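A quick write-up on the structure given underneath.
Only a predicted model underlies this, so the values are computations on that prediction, with no experimental measurement involved.
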Amino acid sequence: MGEVVNFREARKGLARKAAEQQAAENRARFGRTKAEKRRDALEQERVRKELDGAKRED
């Protein structure tokens, strides 16, 4: 004879697993520290200033 399964618990378990997987994807996609964001912003600003400084005036 097979194991007795509570369908409500199984359904909720699948939902929890799906939510955890989505959370892991979101952490990988959006999870950057404040220092990383600041470093990237400073790098972009440096590149922008370098390009603006190399412009020729007509």
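- Heavy-atom contacts from other residues, nucleotides or ligands closer than 6.0 Å to CZ of R38 number 12 or fewer.
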Inset, instruction - Take E45 and R48, measure what salt bridge (charged side-chain N to carboxylate O under 4.0 Å, His left out) needs, and give me the verdict at the end. - result: CA-CA 5 Å; E45 181 66 21; R48 187 190 61 77; 2.5 Å; yes
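- Looking at E20 and R27, a side-chain N of the basic residue comes within less than 4.0 Å of a carboxylate O on the acidic one, giving a salt bridge.
- Taking 4.0 Å as the cut-off between side-chain N and carboxylate O, E43 and R39 do not count as a salt-bridged pair.
- Of the inter-residue distances, the one linking Q21 atom CD with N26 atom CG reads 11.0 Å to the nearest 0.5 angstrom.
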Inset, instruction - Decide yes or no on side chain to side chain contact (heavy atoms under 4.5 Å, CB included) for E36 and T33, but give the supporting numbers first. - result: CA-CA 5 Å; E36 290 172 334; T33 65; 3.2 Å; yes
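- Separation of atoms CD (E9) and CG (L14) is listed at 12.0 Å; rounding is to 0.5 Å.
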